[in-house]
Amino acid sequence: MPTSIRAFADLCEQLESTSSRKKKTELLADLFHCVDPDEIGSAVLLMLGRAFPESDSRTLDVGYATISKAWSSKKQSMLFEEELTLNGVTSILGKIAETQGTGSRKVKEHLLQNLFGRVTTKEREYLARSLFGEMRTGVSEGIILDSIALSSGAQNIEEIRNAYMLSGDMSNVAEIALLKGPAELKRIGPEPFVPFKPMLAESIGSVEEALSIMGEAAFEFKLDGARVQIHKKGDDVRIYSRRLTDLTESLPEVVGLSRKSLADDTAILEGEVIAFRDRPLPFQHVMRRITRVHDIEGLRDTVPVKLYIFDILMRNGESLVNLSCMDRWHVLEDAVPEDLLVPRIVTGDPAIAAEFFNLALSEGHEGLMAKSLDSIYAVGRRGKKWLKIKRAQTLDLVIIAAEWGYGRREGWLSDYHLAAVSGDGFAMVGKTFKGLTDEEFKWMTQRLLATAIRKSDHVVEVKPTIVVEVAFDEIQESPTYESGLALRFARIKNIRQDKDPGEADTIETMRAMYESQFKTKDRIVEK
DNA sequence: GTTATATCGGTGC
DNA sequence: GTCCGACATATTCGG
DNA sequence: CCGAATATGTCGGACGCACCGATATAAC
């Protein structure tokens, strides 16, 4: 019996109304028990809010604008039409994805209209969330994996998790686990040309803190570029991003280097690609390279990229993920030329580590990674085995407007427009929604509404009265803000009750900070 | 009919 | 990418 | 020793910046 979209929407509603993780897991497990076997994959993806698995390169190219257009102009349903099933939805999504070329936007919109026209208001709501990619049911990867484990009777959740991290396809993992049994998933390592999720790091404040957790650690330069996973077999080389997309065509230098410098026939390496001239270039330039599809050759000279390798996950066709960090490094040293390796030391001495941190900064890099020496490569996991250490700067800025929040922040002004003092006015340099507690959001909402000048749908302009201390990682050149500058990773550190707007930092100060970044970084002067 | 500009979606951090 | 809050579980505390 | 208070591990959700390509629309 095929599962109707109605059942899906009902379940979503239930999930949303409970905050208990255990309860959510059980509800999902129930779904997996009663769903038609060939609809398991569709159910998982819709529940996740993804049209396709990460390992699938298809995209809908449908977002907020298109969905809301289709939503408001939906056609009336035809009475005799049979009820929509999960696979029915999936097949429509496939059609939307394959539609391209002139007029495709309209076609996509029509397909959506038909889809929306066939369902009830509630079903349409959750369907739209699936398409938009934000379910807001309090269910995502972690809980779905748990429920797959629960309903498939897996002894160990880690088997399920590992299979997902290695394949990047939760629908497939669910199908295998539930239909053939979790034992079928026992692939313990990566395979060439099947990109897997990289191990991730937690942030920490200093090298001292890192050492207090790890005792002794490997410290590596943290480079501000794009994470790459390099797969090689013979002369075939493919480069994958952190989210498993194929970057091979954009990075011919990396392909060439890998082919030339890697003696092994079959290998998987991990590293960082940065834009680099005499010194590192700002991150914006890396983006230019990795999002480029046309005329890559034309940009190679202007924005050269450099590859730094920091891990090896396969050599001679054999998985190395279960070797310790230290052992993998030794294999790596043996496998690739030294000039491709990321700068690295091993120490337990805070003074030496701090000195290395300063060296990284002075050479224009982000900071350091600290890695626990005996840790295996935990595919797709984030934990305290890898720590990232960066240095933030701060500025005192003025809030000149705020935007209404969504979801759990509905009813609060939660996204703030930040400005520096500019002459007798203010110059906007970014927005932030991070750093305040719920209580502070409430307080801020009241304060801002009290000084509101103008209100539109989403934005409330306010009299500039509130000064906040804003932390950030970098100042970027901005095409969106008139000032020409923008903050990267801005977050509020403090509400400066003691400061008047006139005492906030000026745009000149900010420009000077921007310029000083080039004491350690290189810049491109383009005509 | 061709070319410039705007909008949208998807991706990196 | 960063940050906060919520839930579940582990650990410590107080009597 | 046991139940209560507190710490820790994980997950989910809230949204930022820039960039490019593809498509739609405006302007010539």
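Just the heavy atoms: all of them, side chains too, but no hydrogens, waters or symmetry mates, feed the values below. Sequence lines set the chain letters: A, B, ... in the order given, protein chains first and strands last, and positions in each chain run from 1.
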Is A:Lys384 near enough to D:dT8 that one of its side-chain N or O atoms lies under 4.0 angstrom from OP1 or OP2? no
Tell me whether the side-chain N/O atoms of A:Lys108 come closer than 4.0 Å to OP1 or OP2 in B:dC8. no
Is there a side-chain contact between A:Ser241 and the phosphate of B:dG12, meaning an N or O under 4.0 Å from OP1 or OP2? yes
Could you say whether A:Lys23 or A:Phe441 is positioned toward the 5' end of DNA chain C, judged by the nucleotide with the nearest heavy atom to each? A:Phe441
For DNA chain B, whose closest nucleotide is more 5', that of A:Phe283 or that of A:Thr291? A:Thr291
Tell me whether the rings of A:Phe193 and A:His231 are parallel (<30°), tilted (30 to 60°) or perpendicular (>60°). tilted
Proximal nucleotide (of C:dA6, C:dT2, D:dC15) relative to the A:Arg21 side chain: C:dA6
Contact under 4.0 Å: A:Arg243 side-chain N or O vs B:dG12 OP1/OP2: yes
Quiz item: cation-pi between A:Arg488 and A:Phe283, 6.0 Å / 45°: yes
Taking any heavy-atom pair under 4.0 Å as a contact, classify A:Gly383: base, sugar-phosphate, or nothing. nothing
Counting heavy atoms from C-beta on, name the nucleotide in C:dA6, B:dG9, D:dA18 closest to the side chain of A:Thr66. B:dG9
Measuring to OP1 and OP2 of C:dT9, would you say a side-chain N or O of A:Lys22 lies under 4.0 angstrom away? yes
Polar side chain donor-acceptor pair, A:Asp169 to A:Ser167, under 3.5 angstrom: no
Counting only side-chain N and O atoms of A:Ser478, is one of them less than 4.0 Å from OP1 or OP2 of D:dA18? yes
Pick out which of A:Arg242, A:Arg243, A:Lys197 makes a salt bridge (charged side-chain N to carboxylate O under 4.0 Å, His left out) with A:Glu54. A:Lys197
Measuring to OP1 and OP2 of D:dG9, would you say a side-chain N or O of A:Arg382 lies under 4.0 angstrom away? no
Tell me the interatomic distance from A:Tyr514, atom OH, to D:dC17, atom P, rounded to whole angstroms. 17 Å
Looking across every strand, which nucleic acid part, if any, lies under 4.0 Å from A:Arg161 by heavy atom: base, sugar-phosphate, or nothing? sugar-phosphate
